[in-house]
Amino acid sequence: MSNFIPEEEYQGILKKMPIFCADYLITAEKKYLLIKRNDEPVKGVYWVIGGRLRFKETMAQLAERVQMQEIGRSFPECKIIGFSNYFFPDVPNARATHTPTLLHIVAADKMFEPKIDNKHTDYIWSERLPDELLKQTTFV
C-alpha cells in the first residue's frame with residue numbers, strides 16, 4: 001500500500017491513539033495455536049496471531065493478510081468471540097500500547113505446523129490461553 005505513514009510519525013501516533021486490531025484464536029483437536037512474539041508488546045510470550053487494521057482494509061483482508069504473514073496459511077471462516085481493550089506497558093520499541101481488539105475463533109481440521117514469520121520465534125499447540133488474554137477479554 002502506498003499510504004503508509006513514515007515511521008517517525010507513526011511512532012508519535014502510537015503514543016496518542018488506540019490502534020484497532022484483530023486476533024485469531026486457531027483451534028484444533030481441543031488445543032490452541034499460540035506463537036511466541038519477538039516484538040513488544042508481550043515480547044517473549046506465546047500469544048494468538050493477530051495484527052492491526054490498515055487504512056481502508058476490510059476485516060476479511062486483515063484476516064487473510066495476518067494469517068498468511070504469521071502462520072503461512074489462511075482460514076477465511078472465523079467468528080467473533082470476544083473484545084479486548086488492551087493496555088500494554090509503554091516500553092521502548094513497542095508497536096502499540098493501547099489496542100482495542102476483536103478476538104475471532106478459527107477452527108482448523110487438525111493441528112498443523114505453521115510457517116511462522118520473523119516476528120515470532122516459536123509456536124505451540126496449548127490447552128491453555130495466555131493469562132493476560134483471559135484477563136482482558138470480554139467473551140460474547
Participant: When rounded to the nearest 0.5 angstrom, what distance separates CG in Leu62 from CG in Leu102?
Facilitator: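 Result: 9.5 Å between the selected atoms.
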
Participant: Name all residues meeting the side-chain contact (heavy atoms from CB on, under 4.5 Å) criterion together with Lys119; count only those two or more places apart in sequence or in a different chain, and write none if there are none.
Facilitator: Asp39, Gln69, Asp117

Participant: Determine whether a donor-acceptor pair (N or O, by modelled atom type, separation under 3.5 Å) exists between the side chain of Gln67 and the backbone of Glu64.
Facilitator: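 No.
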
Participant: Just jot down the ring-ring contact (aromatic ring centres under 6.0 Å, His included) partners of Phe75, sequence neighbours excluded, or say none.
Facilitator: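 Phe75 satisfies ring-ring contact (aromatic ring centres under 6.0 Å, His included) with Phe112 once adjacent residues are dropped.
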
Participant: Pairs of donor and acceptor atoms involving the side chains of residues 17-27, under 3.5 Å and at least two apart or interchain, shall be tabulated with distances.
Facilitator:
from	atom 1	to	atom 2	distance (Å)
Tyr24	OH	Ala63	N	3.4
Thr27	OG1	Val106	O	3.4

Participant: Looking at every non-hydrogen atom in both residues, tell me the closest pair between Asn85 and His98 and how far apart they are.
Facilitator: OD1-NE2, 2.8 Å

Participant: Within a 6.0 Å radius of atom CD on Glu77, are there more than 12 heavy atoms belonging to other residues, nucleotides or ligands?
Facilitator: no

Participant: Return the minimal non-hydrogen interatomic distance between Lys110 and Ala28, and the atom names on each side.
Facilitator: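 So the minimum-distance heavy-atom pair works out to C-CB, 3.5 Å.
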
Participant: If every non-hydrogen atom of Leu34 is compared with every non-hydrogen atom of Ser126, which pair is closest and at what distance?
Facilitator: CD1-CB, 3.8 Å

Participant: Mind checking side chain to side chain donor-acceptor pair (under 3.5 Å) for Arg65 and listing every partner two or more places apart, or none if nothing turns up?
Facilitator: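 If we apply the side chain to side chain donor-acceptor pair (under 3.5 Å) test to Arg65, skipping adjacent residues, the hits are Glu57.
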
Participant: In Å, rounded to the nearest 0.5 Å, how long is the span from CG of Asp109 to CD of Glu29?
Facilitator: 10.0 Å

Participant: Got a sec, which residues hit ring-ring contact (aromatic ring centres under 6.0 Å, His included) with Tyr32, two or more places apart in sequence or on another chain?
Facilitator: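 Checked Tyr32 against ring-ring contact (aromatic ring centres under 6.0 Å, His included); zero matches.
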
Participant: Throw together a table of side-chain donor-acceptor distances under 3.5 angstrom for residues 128-140, partners on residues two or more places apart or in other chains.
Facilitator:
from	atom 1	to	atom 2	distance (Å)
Arg128	NH2	Asp131	OD1	2.8
Glu132	OE2	Gln136	NE2	2.3
Gln136	OE1	Phe87	N	3.4
Thr137	OG1	Ser84	OG	2.7
Thr137	OG1	Leu133	O	2.6

Participant: Starting from Met68, can I reach Ile49 by hopping between I/L/V/M/F/W/Y residues whose side chains sit under 4.5 Å apart?
Facilitator: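 Different clusters: Ile49 never reaches Met68 through Ile, Leu, Val, Met, Phe, Trp or Tyr contacts under 4.5 Å.
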
Participant: Nearest heavy-atom pair of Glu70 and Ile35: which atoms, and what distance?
Facilitator: OE1-CD1, 3.5 Å

Participant: Please report the closest heavy-atom contact between Met111 and Lys31, naming both atoms and the distance.
Facilitator: SD-CD, 4.0 Å

